[in-house]
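Notes follow the structure.
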Amino acid sequence: MEEEKAKNLEAELAWLKSQINPHFLFNTLNNISSLTQIDPDSAQEALAQLSDLLRYAMYETQKEKVPLKGEVEFMANYVELMRLRCSDTTQVSTKFDVEGTTEVAPLLFISLVENAFKHGVSNTQQSSIDISMEEKDGRLTFTCDNTNHPKDQKDRSGSGIGLENTRRRLELLYPGRYQWFQTLENDIYHISITIDLRP
């Protein structure tokens with residue numbers, strides 16, 4: 001029974017992670033497609049960045065845990081890729097303070113970064129995204145604050161599957177070892193996740 005339970009858990013985790021990669025690829029290709037029409041040189045650079053991102057997502061994340069430093073580099077590259085599409089009305093800031101030896105489950109926070117760009121950026125209004133990650137004494141804290149620009153009801157990108165998958169993965173991988181906090185106040189969406197990574 002325990003063996004069957006472990007197999008089911010492994011299968012569910014694999015399914016949850018498989019939902020991330022196509023979702024991420026679809027959004028990124030859409031961004032580059034838009035970029036090709038206004039800045040071909042930047043689009044070519046973005047394709048090179050996408051290649052690096054996909055290489056990491058396909059080959060480096062097959063392990064149960066990966067170095068946190070690699071995850072941070074993955075997120076930083078993704079942010080730079082998304083920043084190319086943002087106008088001057090959008091301010092994006094990141095701060096990563098992690099140690100190289102710490103390990104974490106792969107692709108755990110990318111859906112939250114995606115959501116910040118999807119729902120936090122407007123082409124006509126002032127927008128801001130502030131992403132940070134800090135690791136201290138075996139505790140990892142991811143925080144994201146972004147302006148809230150609600151999508152049209154016809155836009156199914158707001159279905160929330162990314163948040164649901166992230167929370168489910170946390171429950172399966174770090175049961176009783178994580179804290180999830182989110183608010184929407186004064187048109188600022190805030191999410192904070194703290195994970196106890198100590199063995």
Side-chain angles (χ1 to χ4, degrees), residues 19-54 56-57 71-98 107-134 140-167 169-170 179-194:
Q19 302 306 298
I20 297 171
N21 293 347
H23 191 235
F24 157 73
L25 179 59
F26 178 77
N27 289 329
T28 306
L29 286 174
N30 273 344
N31 290 339
I32 294 177
S33 177
S34 299
L35 197 59
T36 57
Q37 302 175 26
I38 57 176
D39 191 343
D41 290 339
S42 293
Q44 188 172 2
E45 180 183 345
L47 282 172
Q49 286 181 302
L50 177 60
S51 178
D52 290 338
L53 292 174
L54 290 178
Y56 178 84
E71 283 291 293
V72 166
E73 184 177 346
F74 176 79
M75 281 191 290
N77 286 336
Y78 179 81
V79 169
E80 289 305 309
L81 196 59
M82 299 297 288
R83 196 196 299 262
L84 292 174
R85 195 185 181 196
C86 295
S87 67
D88 293 337
T89 60
T90 300
Q91 293 185 336
V92 181
S93 63
T94 59
K95 182 180 179 181
F96 299 111
D97 185 9
V98 302
L107 303 178
L108 198 54
F109 302 104
I110 189 61
S111 290
L112 306 180
V113 178
E114 282 185 295
N115 279 349
F117 280 95
K118 281 194 298 181
H119 308 300
V121 175
S122 168
N123 293 328
T124 58
Q125 303 177 54
Q126 289 291 325
S127 307
S128 65
I129 298 175
D130 184 11
I131 299 168
S132 66
M133 181 179 284
E134 180 184 25
L140 177 66
T141 301
F142 171 90
T143 304
C144 183
D145 293 278
N146 59 266
T147 44
N148 182 52
H149 298 291
K151 300 297 182 184
D152 188 275
Q153 288 186 351
K154 296 179 181 178
D155 186 347
R156 297 307 299 161
S157 67
S159 59
I161 188 172
L163 285 177
E164 293 174 9
N165 282 357
T166 300
R167 192 150 194 173
R169 287 187 73 203
L170 284 167
Q179 295 177 323
W180 177 293
F181 181 73
Q182 65 185 86
T183 59
L184 177 57
E185 296 181 359
N186 300 320
D187 288 327
I188 298 294
Y189 176 76
H190 167 84
I191 186 164
S192 177
I193 298 172
T194 299

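What's counted below: heavy atoms across the whole structure, side chains too, no hydrogens, waters or symmetry copies. Predicted model, so just to flag it, every value in this text is computed and none were measured.
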Next item on the list: For Gln182, enumerate each residue passing the side-chain hydrogen bond (donor to acceptor under 3.5 Å, both in side chains) test, keeping only those at least two apart in sequence or located in another chain.
Entry: Trp180, Tyr189
Note to self: Given 3.5 Å as the limit, does a donor-acceptor pair link the side chain of Thr124 with the main chain of Ser122, or not?
What the structure shows: no
Check: Atom CD1 in Ile110, atom CE in Met75: separation rounded to 0.5 Å?
Finding: 7.0 Å
Note to self: Less than 4.5 Å apart, side chain to side chain, heavy atoms only: is that true for Ser111 and Thr166?
What the structure shows: yes
Check: Got a sec, which residues hit side-chain hydrogen bond (donor to acceptor under 3.5 Å, both in side chains) with Asp52, two or more places apart in sequence or on another chain?
Finding: Arg55
Checklist line | Heavy-atom neighbours of Gln49 CD exceed 12 at 6.0 Å | finding: yes
Next item on the list: Decide yes or no for Ile193 and Leu108: does some side-chain heavy atom of the first lie under 4.5 Å from some side-chain heavy atom of the second?
Entry: no
Checklist line | Leu140 CG to Glu134 CD distance, which is reported to the nearest 0.5 Å | finding: 9.0 Å
Next item on the list: Measure the spacing between CD of Glu71 and OH of Tyr56 and express it to the nearest 0.5 Å.
Entry: 3.5 Å
Notebook entry, point to check: Less than 4.5 Å apart, any side-chain heavy atom of Glu80 and any of Asn77?
Noted result: no
Margin query: My understanding is that only residues two or more places apart in sequence, or in another chain, count here; which of them pass ring-ring contact (aromatic ring centres under 6.0 Å, His included) with Phe142?
Written below: Phe109
Notebook entry, point to check: Which salt bridge (Lys or Arg N to Asp or Glu O under 4.0 Å) pairs, counting each pair once, include a residue from residues 27-48, with sequence neighbours left out?
Noted result: none
Note to self: The test is side-chain contact (heavy atoms from CB on, under 4.5 Å); show your working for Gln126 and Thr147 and say whether it passes.
What the structure shows: CA-CA 8 Å; Gln126 289 291 325; Thr147 44; over 6 Å; no
Next item on the list: To the nearest 0.5 Å, tell me how far Asn186 CG sits from Asn148 CG.
Entry: 11.5 Å
Next item on the list: State the OH-CZ distance between Tyr78 and Phe117, to the nearest 0.5 angstrom.
Entry: 7.0 Å
Margin query: If you compare all heavy atoms of His149 against all heavy atoms of Ser127, which two are closest, and at what distance to 0.1 Å?
Written below: NE2-OG, 3.2 Å
Would you tabulate the side-chain donor-acceptor contacts of residues 90-97 under 3.5 Å, counting partners in other chains and residues two or more places apart, or write 'none'?
from, atom 1, to, atom 2, distance (Å)
Ser93, OG, Asp130, OD1, 3.0

Item checked: For Thr143, all residues meeting side-chain hydrogen bond (donor to acceptor under 3.5 Å, both in side chains), sequence neighbours excluded -> none
